[in-house]
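Worksheet for the structure shown next.
All of these numbers come straight from a predicted model, not from anything done at the bench. Positions are given from 1, in the same order as the sequence printed here.
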Amino acid sequence: MGFDRIEIPDEGEIVESDGEDVEVPDAPIIPYITGDGIGVDVSPAARTVLDAAAEETGREIHWTEVYAGERAEEEYGELLPDETLEAIDYFNVALKGPLTTPVGEGFRSLNVAIRKELDLYSNVRPVYYIDGVPSPVNSPEDVDMVCFREATEDVYSGIEWEQGSEGMQRVREFLNEEMGEDVPEDAGIGVKPISEFKTKRLVRKAIKYAIDRGRDSVTLVHKGNIMKFTEGAFKDWGYELAEEEFPEETITEDELWEEYDGERPEGKVVVKDRIADNMLQQLLTRTDQYGVMAMPNLNGDYLSDAAAGQVGGLGIAPGANIGDGRAVFEPVHGSAPKYAGEDKVNPTALILTGRIMFEYFEWFDAAELVRDAVEETIQDRTVTYDIHRQIEGGEKVSTSRFAELVAEKIRS
């Protein structure tokens, strides 16, 4: 396939997809989006570490830059060129730095646009503690969970009408006159669709992950006590999916207590549900009872950020957007433009995002090298300014130097 502005490496092979799973060669071509703001610092740092881990395990990554955000506007005159989406679609994978969406430029969010255009419906955010990172809780080591957040509907549908607009007036009139509601005239109105198909494909991914990785449970997090036909339906459809497609591998929490007196049978994944606001408390008080969570979009945003806060914050929080046989890996944090080019911010989130990519490839040996090396470097107290200011002693290092130290650990 030919591209106008994207330079494809002379060497390397395509990550193949059958529309559900991927087959990854030992020398894959991986597109990357540098990102805006601190992307210029953290993206090369992450590639330094990932290259080291790949090479140490007998593999080699062939990177090719594709464009989105400010760099795309400079290169193409638009924020999200079709060629970028075509390249990710062709190579089936990409590593992406943080993007800024300029106000009033056509996109609600570039990140959301990429997810929706490529149908990357599962926003996956593993949250676990890296020893040595300052934490606001007493036992951050208890946190080891993976959040599966639906990434294409709910509030990310972006269906809303501004207060006083013609669209708002028409929707309000319909709701009040035809549906018997009482929407005030000074309201803005939004719609949050949650569908059976998109719910079940997300929950399917969460349950398969739990089975494949030996996790004890999958928790459906919802606000179904109030929003019964959207979030309540999310819960019901999740249970239905488990019963329909994984009857031998799963049991419900009710069955766990009624039939097994609370003792989980070996090899079974317990499917349970929690109300979203209560789940925020459960994260703190019963942390170790939650391994995998599946959630509609907004709940997933809150819960994954709250969980990340327990282990040190968004500066170390990795993420991924995974569809069927296609994935884009991106950190949770934003672009922090005021620090751009200063070579000072923490690249750990994007480095660990690359670790998720390696796990997706089933390069588990390389993934563990990355995690161990990051942890050892932080334990040595050679850290970037954000962690350095929270600890006593240690050495404050730049973004690039931190990456070099992690890479040295991998090679040692």
Any side-chain heavy-atom pair of [X] and [Y] under 4.5 Å:
X: T348; Y: V374; value: yes
X: V270; Y: T250; value: no
X: I114; Y: L99; value: yes
X: L220; Y: Y239; value: yes
X: F402; Y: I378; value: yes
X: T199; Y: E150; value: no
X: W63; Y: L50; value: yes
X: E253; Y: R274; value: yes

Judged by modelled atom types alone, do [X] and [Y] share a side-chain donor-acceptor pair under 3.5 Å?
X: S195; Y: E153; answer: yes
X: R371; Y: Y128; answer: no
X: E86; Y: T84; answer: no
X: D273; Y: H222; answer: yes
X: Y76; Y: R71; answer: no
X: D365; Y: T57; answer: no
X: K96; Y: N321; answer: no
X: T382; Y: D380; answer: no

Minimum-distance pair of heavy atoms, taken over all atoms of [X] and [Y]:
X: N297; Y: D154; result: N-OD2, 3.1 Å
X: P247; Y: K268; result: O-NZ, 4.1 Å
X: R215; Y: V146; result: NH2-CG2, 3.9 Å
X: K344; Y: T384; result: O-CB, 3.6 Å
X: L350; Y: S43; result: CD2-CA, 3.6 Å
X: S135; Y: Q310; result: OG-O, 2.6 Å

Ionic contact status for [Y] with [X], cut-off 4.0 Å:
X: K198; Y: D119; answer: no
X: R401; Y: E408; answer: yes
X: E245; Y: K200; answer: no
X: R381; Y: E392; answer: no
X: K272; Y: D216; answer: no
X: E20; Y: K208; answer: yes
X: R125; Y: D305; answer: yes

Measure the spacing between [atom1] of [X] and [atom2] of [Y] and express it to the nearest 0.5 Å.
X: F329; Y: I33; atom1: CZ; atom2: CD1; answer: 13.0 Å
X: N92; Y: Y90; atom1: CG; atom2: OH; answer: 10.0 Å
X: L303; Y: Q282; atom1: CG; atom2: CD; answer: 10.5 Å
X: M145; Y: S217; atom1: CE; atom2: OG; answer: 9.5 Å
X: D36; Y: T100; atom1: CG; atom2: OG1; answer: 4.5 Å
X: L95; Y: T34; atom1: CG; atom2: OG1; answer: 9.5 Å

Under 3.5 Å, side chain of [X] to main-chain N/O of [Y], donor-acceptor pair present?
X: N123; Y: A151; value: no
X: R326; Y: L118; value: yes
X: S109; Y: V112; value: yes
X: S304; Y: G300; value: yes
X: S17; Y: G19; value: yes
X: E73; Y: G69; value: no
X: Y339; Y: D343; value: no

Problem set entry | Working for side chain to side chain contact (heavy atoms under 4.5 Å, CB included), residues V269 and F246 | CA-CA 9 Å; V269 173; F246 302 97; over 6 Å; no
Whether [X] engages the ring of [Y] as a cation-pi pair (distance to the six-membered ring centre under 6.0 angstrom, angle to the ring normal within 45°) should be assessed.
X: R201; Y: Y121; value: yes
X: K223; Y: F234; value: no
X: K396; Y: Y385; value: no
X: R5; Y: Y67; value: no

Tell me if the [atom1] atom of [X] is crowded by more than 12 foreign heavy atoms within 6.0 Å.
X: Q379; atom1: CD; answer: yes
X: E244; atom1: CD; answer: yes
X: R264; atom1: CZ; answer: yes
X: R170; atom1: CZ; answer: no
X: E23; atom1: CD; answer: no
X: E196; atom1: CD; answer: yes
X: D212; atom1: CG; answer: yes

For this session: Decide side chain to side chain contact (heavy atoms under 4.5 Å, CB included) for N346 and T399; before the verdict, give the C-alpha distance in whole Å, the side-chain angles of both, and the deciding distance to 0.1 Å.
Result: CA-CA 6 Å; N346 192 343; T399 307; over 6 Å; no
Exercise. For the residue pair F361 and F358, does the interplanar ring angle fall in the parallel (under 30°), tilted (30 to 60°) or perpendicular (over 60°) class?
Worked result: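 Answer is tilted, since the angle falls between 30° and 60°.
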For this session: Please report the C-alpha distance between K205 and F148 in whole Å, then the side-chain angles of each, then the deciding distance to 0.1 Å, and finally whether the side chain to side chain contact (heavy atoms under 4.5 Å, CB included) criterion is met.
Result: CA-CA 8 Å; K205 262 203 172 8; F148 281 76; 4.1 Å; yes
For this session: I would like to know whether N225 and E231 meet side-chain hydrogen bond (donor to acceptor under 3.5 Å, both in side chains); could you show each step before the answer?
Result: CA-CA 8 Å; N225 56 327; E231 303 218 3; over 6 Å; no
For this session: Let me know which of N278, D277, T285 forms a side-chain hydrogen bond (donor to acceptor under 3.5 Å, both in side chains) with Q281.
Result: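 With Q281 as partner, side-chain hydrogen bond (donor to acceptor under 3.5 Å, both in side chains) holds for just one option, N278.
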Exercise. Which is it for E65 and I6 under the side chain to side chain contact (heavy atoms under 4.5 Å, CB included) test, yes or no, and what are the steps along the way?
Worked result: CA-CA 7 Å; E65 184 170 15; I6 297 171; over 6 Å; no
